[in-house]
Amino acid sequence: MKKKRAAKTAKSKTPKAIKPEEDWLGDEAEGENELDLGSDDGEGIDQAPEEEEEAPPDDDEPPADDDNEAGDAQMGSRILARVAEGKQMDLTALKQEIQDDAGLLSNWRKAQELGEKRPREEVFKNLVSNCSTYFGYSEELAEYFLQMFSPETAVKFFEANEQQRPLTLRTNTLKARRSSLLQALTQRKVQVDPIGSWTKVGLKVYQSQVPVGATPEYLGGHYMIQSASSFIPVMALAPQQDEVVLDMAAAPGGKTTYIGQLMRNSGTLFANDLRKDRCKALVANVHRLGLTNVVVTNLDGKKLSKMLPRLDRVLLDAPCTGSGIIARDPSVKVKRGQKDFESHSRLQKELLTAAIDMVDAGSKTGGYIVYSTCSVAVEENEAVVDHALKTRNVELVSFTSAVNFGVEGLCKYRERRFHPSLNLARRYYPHVHNMDGFFVAKLKKTSNKVPERAKKDRSKMEDKVWGEEHWTSDFMDSVVDFEESNGSAVTKKKKMTARDRKKQRREELVKARGYQQKYPPKAKEESAQDSTEPLRKAKVKSLKKKKEKRALDQDAAEAPVKKTRKTNKVQNILER
Ligand SMILES: C[S@@+](CC[C@H](N)C(=O)[O-])C[C@H]1O[C@@H](n2cnc3c(N)ncnc32)[C@H](O)[C@@H]1O
């Protein structure tokens, strides 16, 4: 509840008026909607975790309290702060400046030809600051999106986040047909239409004179209130009848109930969630929709493998920062940043690895894992799947036969390069698809063996750079890097050769063994002023000889020892 209040507060502080989803559903529906609305993607927005220590990082933070001044000040957009200070703000002019600067940056060369005198960095900085002020994001997050997308696209993304997505329903085909549901709802003055040709079960609500979360059809389990993009991971998973399937982070069950309906209540569907409170909503939804093949578990997904049989398919709809659902939860604008993307990424990698390890590569019908998030951050999406490709025997597969739209996953992002097959993953955006931001990737397990290299030397796998062997010097010259702070492009450093790397390793090894401390190099000026020059020279000569001998000894020692585990460990530490 608190979160809804906080979200409303944040919404009311953004420049555009938004019709809150709650208004559509009516007050009576609120209690029920907690089961469903957060269902698709949100992570326990309304409830505090019962077992704090097991909660994922920051995921389930209590929302900002309306009475909390600090929270309010943070949440409030800077526009309001300035208005409160009595400063006039011309919002139209500010918006125009944003459009102009974004346009300039997207056509920078032309802008310069036409007489733009400011340095690119200055224009970018100004854009970050203006977007942060106008749309109410922290500067850090505004900058992140302005770098992730092109500046013009980022502005479209910000604008789309100021509008609510259409309210959508999923017909529960275990209990109703879409056409009969449409008729029943129309009779109750709920105006609905099919969402689009890509789904046979989705309905879009245009208008309603009754709360859609409290109709007899809703209570009877004929439909689920679920965001359209939440359908996609389940369609990609394509569960079959009689399979053994796991929904690893399932509460409150938006996707579980869809999986169960596609399995037609056959086989076994394990539905797990870490949070006990959210499992209650999961159980309630499973009952309401009439599923009889579901086993609900309340465990950490990382520990499930010890308890479950080998599986045909797993859906990991991972806990995430929610950077794709800002329209629904505007607190993300100031609550999330790079640190959150990275901490979530670590948890997501662990969960995805555990998901893969539970799937049977030899399954006659399956052997698939679908990974999804409602975040658009690269760290939580491509970087997680890329890690799985490096450490497990899996490959990305297309799911266009199930869902034939979406933007391709990224194969490169700033200085990072991902496996080329990441173009088979799909991104969904509010500004492109009028849906919540989502990422979906489908993996096929190719062997039950865990790659030796991944088991033995994970640090090396982390460092693996896809396709490095194909990088010509021309290619490397064309690679550009972006500075962390201002997003200006700089040429990437020259790639190290194997020889450079060996030299660096040796230097680090020598350093680690304390060689430098024992024989510190003499300062230049000091030696030039030394009156006992000949003696010093002789000393230096003898030291030099000793040093060469040591280096030779060390080289000789290094070669055979390299094969031992102990040295490998030292090297790994140094390489990290
Ligand atoms: C995006 S939500 C899932 C939404 C759900 N799939 C649906 O469609 O209704 C992510 C869920 O992951 C759960 N979670 C967080 N950490 C977890 C863990 N280590 N193991 C299992 N579940 C976890 C959260 O409690 C949250 O319910």
Side-chain angles (χ1 to χ4, degrees), residues 3 33-61 168 170 224-237 245-261 269-286 288-289 291 294 296-308 314-325 328-329 332 343-355 358 370-375 380-381 436-440:
K3 181 70 154 234
N33 287 323
E34 277 176 23
L35 300 183
D36 282 351
L37 269 187
S39 75
D40 328 340
D41 329 296
E43 292 147 52
I45 319 183
D46 291 298
Q47 299 114 317
E50 280 190 11
E51 289 158 311
E52 285 276 291
E53 69 285 2
E54 279 188 322
D58 285 339
D59 261 333
D60 306 300
E61 269 175 18
T168 50
R170 194 196 79 240
M224 186 84 176
I225 300 170
Q226 188 172 28
S227 77
S229 48
S230 270
F231 295 14
I232 299 170
V234 179
M235 293 168 79
L237 187 71
V245 178
L246 165 68
D247 186 353
M248 198 175 189
K255 296 180 190 71
T256 304
T257 49
Y258 192 9
I259 297 173
Q261 120 185 14
L269 172 53
F270 292 100
N272 174 73
D273 201 278
L274 176 72
R275 283 182 45 181
K276 203 171 172 181
D277 52 347
R278 285 172 68 84
C279 280
K280 283 182 196 157
L282 171 61
V283 171
N285 279 320
V286 164
R288 186 173 62 82
L289 275 83
L291 293 170
V294 180
V296 173
T297 55
N298 172 212
L299 295 158
D300 182 341
K302 299 192 286 288
K303 295 173 188 159
L304 275 175
S305 66
K306 292 180 195 119
M307 334 212 172
L308 300 186
V314 177
L315 170 65
L316 172 57
D317 184 37
C320 69
T321 58
S323 69
I325 53 165
R328 268 203 268 164
D329 182 7
V332 171
S343 61
H344 278 78
S345 184
R346 281 192 290 278
L347 172 69
Q348 289 154 347
K349 282 176 189 169
E350 286 185 60
L351 286 168
L352 182 55
T353 308
M358 281 185 273
V370 166
Y371 175 77
S372 63
T373 70
C374 57
S375 171
E380 298 185 76
N381 297 322
D436 287 342
F438 238 85
F439 174 87
V440 183

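Note that ligands are numbered from 1 as they come in the structure, with each ligand's atoms numbered from 1 the same way. Position 1 is the first residue of the sequence, and the numbers go up from there.
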Ligand-residue contact atoms, ligand 1 with [X], heavy atoms, under 4.0 Å:
X	answer
Arg275	25 (O)
Asn272	21 (C)
Asp300	18 (C), 19 (N), 20 (N)

**Side chain, backbone, both or neither: Ala250 near ligand 1, heavy atoms under 4.0 Å** =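 Only the backbone of Ala250 comes within reach of ligand 1.
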**Request:** Just let me know how Thr373 lines up against ligand 1, side chain, backbone, both or neither, with a heavy-atom cut-off below 4.0 Å.
**Result:**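 Under 4.0 Å from ligand 1, Thr373 contributes no heavy atoms.
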**Request:** May I have the step-by-step check of side chain to side chain contact (heavy atoms under 4.5 Å, CB included) for Arg170 and Phe231, ending in yes or no?
**Result:** CA-CA 8 Å; Arg170 194 196 79 240; Phe231 295 14; 3.7 Å; yes
Judged by non-hydrogen atoms, does [X] sit under 4.0 Å from ligand 1?
X	result
Met248	yes
Ala251	yes
Ala318	yes

**Request:** Walk me through it: do Met248 and Leu315 pass the test side chain to side chain contact (heavy atoms under 4.5 Å, CB included)?
**Result:** CA-CA 6 Å; Met248 198 175 189; Leu315 170 65; over 6 Å; no
**Message:** I want to confirm something. Looking only at heavy atoms, which of Asp247, Asp273, Leu347, Leu316 is nearest to atom 25 (O) of ligand 1?
**Reply:**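 Nearest option to atom 25 (O) of ligand 1, by heavy atoms: Asp273.
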**Item:** Residues forming a side chain to side chain donor-acceptor pair (under 3.5 Å) with Ser375, sequence neighbours excluded
**Value:**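 Testing Ser375 for side chain to side chain donor-acceptor pair (under 3.5 Å), a comparison that skips the adjacent residues, returns Thr321, Ser323, Glu380.
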**Request:** Just do the side-chain hydrogen bond (donor to acceptor under 3.5 Å, both in side chains) check on Asp247 and Thr256 with the steps written out, would you?
**Result:** CA-CA 6 Å; Asp247 186 353; Thr256 304; 2.7 Å; yes
**Request:** Apply the test side-chain hydrogen bond (donor to acceptor under 3.5 Å, both in side chains) to residues Ser230 and Asp436: give CA-CA distance (whole Å), side-chain angles for both, the deciding distance (0.1 Å), then the verdict.
**Result:** CA-CA 8 Å; Ser230 270; Asp436 287 342; 5.9 Å; no
